[in-house]
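This one's a predicted model, so the numbers in the text were calculated from it and none came from an experiment. Residues take their numbers from the sequence shown, with the count starting at 1.
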Amino acid sequence: MQNQPQNQTTDQDVYKTLLESTKAIPWQIDWRTMQFSYIGPQIEKLLGWTVDSWVSAEDWIARMHPEDREIVPGYCIAQSKAGHDHEADYRALTKSGHYVWIRDVVHVVRDEQGEVTSLIGFMFDISERKKSEEEILRLQKELEHLSFKDGLTDLPNRRMFDSVIELEWLNAKRHRHPLSLIILDIDFFKQYNDCYGHLQGDTCLKQVTQVLSQAVTRSRDLIARFGGEEFVIVLPETDAVAARTIAERCQHLIQQANIPHQQSQVANILTISQGVNTIIPSQKDDLFAFIEKTDKQLYQAKQAGRNTIV
């Protein structure tokens with residue numbers, strides 16, 4: 001029996017050694033006093049604060065990033081009062097003045113009556129994991145951005161056009177505003193590629209993009225590459241007269257650009273054909289039919305000899 005206290009002390013020493021040899025930082029807080037009854041010495045290596053400086057939960061809160069301080073303590077206290085084990089991520093202030101991402105895994109200890117007596121937990125340094133998560137989110141946003149952008153011209157692509165036209169259609173229908181659409185096509189672009197080569201054809205598309213970008217000035221107006229040598233211009237809150245004016249401006253700017261096209265059957269420079277359509281959509285109108293009609297007007301412009309607007 002005399003060896004029992006020695007065995008208990010030995011066991012405690014073993015447990016303490018095990019706890020203090022892990023990268024995770026063990027701690028315990030007395031629920032009644034809200035003071036630390038234990039915190040692992042690893043805390044000083046991670047954050048720079050000495051073990052004896054961690055007196056109460058107030059020290060834990062004070063060394064938390066102000067944004068996290070508004071949320072995390074309240075959440076942890078509520079979960080602890082309810083007797084729920086929980087986790088919390090937050091940024092902890094180091095003694096040198098920068099922040100380290102911490103994940104606290106908390107176990108709530110209760111007595112036989114079910115009353116909370118203490119909190120036992122482990123702090124984990126998750127800074128590297130957070131950096132990886134942030135990089136993944138950044139890449140996801142970049143990929144999402146790229147998925148709505150045409151790789152050659154850097155314009156919004158067909159996918160973006162589909163999203164924007166649907167939103168503008170609903171907005172025009174709700175507020176009874178006019179919505180105009182221009183679909184334009186470079187005349188005899190196949191012959192252009194045959195004459196000058198596909199690399200020069202790509203350069204030509206970029207030139208056309210730059211020229212068309214000068215034709216619209218409002219932030220909500222959208223120019224997108226519809227596919228191949230076709231482009232679309234979405235003009236919210238634009239009536240038929242204003243839409244026609246913008247189409248004429250596009251035509252004039254393309255002519256001013258003076259891009260040579262020896263194989264064109266309408267001019268010795270690059271030209272465009274355009275279909276222009278305006279609508280104040282009602283409940284009976286259909287967006288697809290509106291786009292299809294505009295596309296038919298572009299076809300009519302081509303049938304009428306190209307370098308024209310219908």
Side-chain angles (χ1 to χ4, degrees), residues 148-150 152-158 160-165 167-169 171-172 175 177-189 191-192 200-262 264-281 287 290-310:
F148 286 102
K149 183 179 284 189
D150 177 60
L152 176 65
T153 63
D154 216 30
L155 284 175
N157 59 15
R158 174 66 184 268
M160 176 62 101
F161 164 74
D162 289 341
S163 299
V164 170
I165 193 71
L167 287 172
E168 293 295 359
W169 177 267
N171 188 59
H175 298 289
H177 289 156
L179 174 65
S180 292
L181 178 66
I182 300 173
I183 303 181
L184 63 91
D185 186 274
I186 299 174
D187 294 328
F188 301 107
F189 191 67
Q191 289 82 348
Y192 185 96
Q200 184 58 37
D202 289 347
T203 301
C204 175
L205 289 170
K206 293 176 183 177
Q207 286 179 282
V208 170
T209 296
Q210 292 172 353
V211 171
L212 294 178
S213 297
Q214 300 172 37
V216 293
T217 55
R218 300 181 306 175
S219 59
R220 273 178 65 191
D221 296 338
L222 176 82
I223 304 176
R225 189 179 178 192
F226 203 50
E229 66 272 22
E230 280 192 350
F231 297 82
V232 287
I233 304 177
V234 181
L235 301 167
E237 298 182 32
T238 304
D239 62 22
V241 174
R244 171 82 189 195
T245 300
I246 291 170
E248 290 171 349
R249 190 185 305 159
C250 289
Q251 189 177 43
H252 176 67
L253 288 169
I254 289 291
Q255 289 173 349
Q256 272 195 327
N258 202 34
I259 302 169
H261 188 351
Q262 295 177 4
S264 173
Q265 296 175 29
V266 292
N268 58 2
I269 59 172
L270 199 78
T271 58
I272 57 174
S273 298
Q274 302 179 78
V276 185
N277 198 3
T278 300
I279 190 173
I280 299 177
L287 172 58
F290 172 66
I291 298 170
E292 192 175 48
K293 182 181 177 183
T294 313
D295 198 43
K296 286 180 179 177
Q297 287 169 299
L298 169 61
Y299 179 76
Q300 291 170 13
K302 291 180 181 181
Q303 293 296 105
R306 290 183 168 86
N307 192 26
T308 191
I309 300 168
V310 171

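- Heavy atoms only, all atoms of each residue included: A215 and I246 are closest at O-CG2, 4.2 Å.
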- Item | Verdict with supporting geometry, Y299 and V310, side-chain contact (heavy atoms from CB on, under 4.5 Å) | CA-CA 9 Å; Y299 179 76; V310 171; over 6 Å; no
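- Between A240 and S180, the closest heavy-atom pair is N-OG, 4.5 Å.
- Applying the side-chain contact (heavy atoms from CB on, under 4.5 Å) test to D162 and every residue at least two apart in sequence or in another chain returns R158.
- Residues meeting the side-chain contact (heavy atoms from CB on, under 4.5 Å) test with T271, sequence neighbours left out: D187, V266, A267, N307.
- D221 pairs by the side-chain contact (heavy atoms from CB on, under 4.5 Å) definition with V216, R218, L235, P236, not counting sequence neighbours.
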- Item | Stepwise side-chain contact (heavy atoms from CB on, under 4.5 Å) check, I186 with L205 | CA-CA 9 Å; I186 299 174; L205 289 170; 3.7 Å; yes
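- You'll find the side chain of H261 stays beyond 4.5 Å of the side chain of F189, heavy atoms only.
- Counting only residues at least two apart or in different chains, salt bridge (Lys or Arg N to Asp or Glu O under 4.0 Å) contacts with residues 224-233 comprise D150-R225.
- At least one side-chain heavy atom of I165 sits less than 4.5 Å from a side-chain heavy atom of L179.
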Please list, one pair per line, the donor and acceptor atoms closer than 3.5 Å that link side chains of residues 290-298 to other protein atoms, with sequence neighbours excluded.
from : atom 1 : to   : atom 2 : distance (Å)
T294 : OG1    : N277 : ND2    : 3.3
T294 : OG1    : F290 : O      : 2.8
Q297 : NE2    : V276 : O      : 3.2

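- Within a 6.0 Å radius of CZ in F148, other residues, nucleotides and ligands contribute more than 12 heavy atoms.
- Counting only heavy atoms from C-beta outward, the side chains of H175 and E237 never approach each other to under 4.5 Å.
- Pairs of residues two or more places apart, or lying in two chains, never qualify as ring-ring contact (aromatic ring centres under 6.0 Å, His included) while including a residue from residues 228-251.
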- Query: Could you walk me through whether L181 and F161 pass the side-chain contact (heavy atoms from CB on, under 4.5 Å) check?
  - Reply: CA-CA 11 Å; L181 178 66; F161 164 74; 3.8 Å; yes
- When you look at E248 and R244, which way does the side-chain contact (heavy atoms from CB on, under 4.5 Å) test go after all the steps? CA-CA 6 Å; E248 290 171 349; R244 171 82 189 195; 3.1 Å; yes
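- Between I254 and V208, some side-chain heavy-atom pair lies under the 4.5 Å cut-off.
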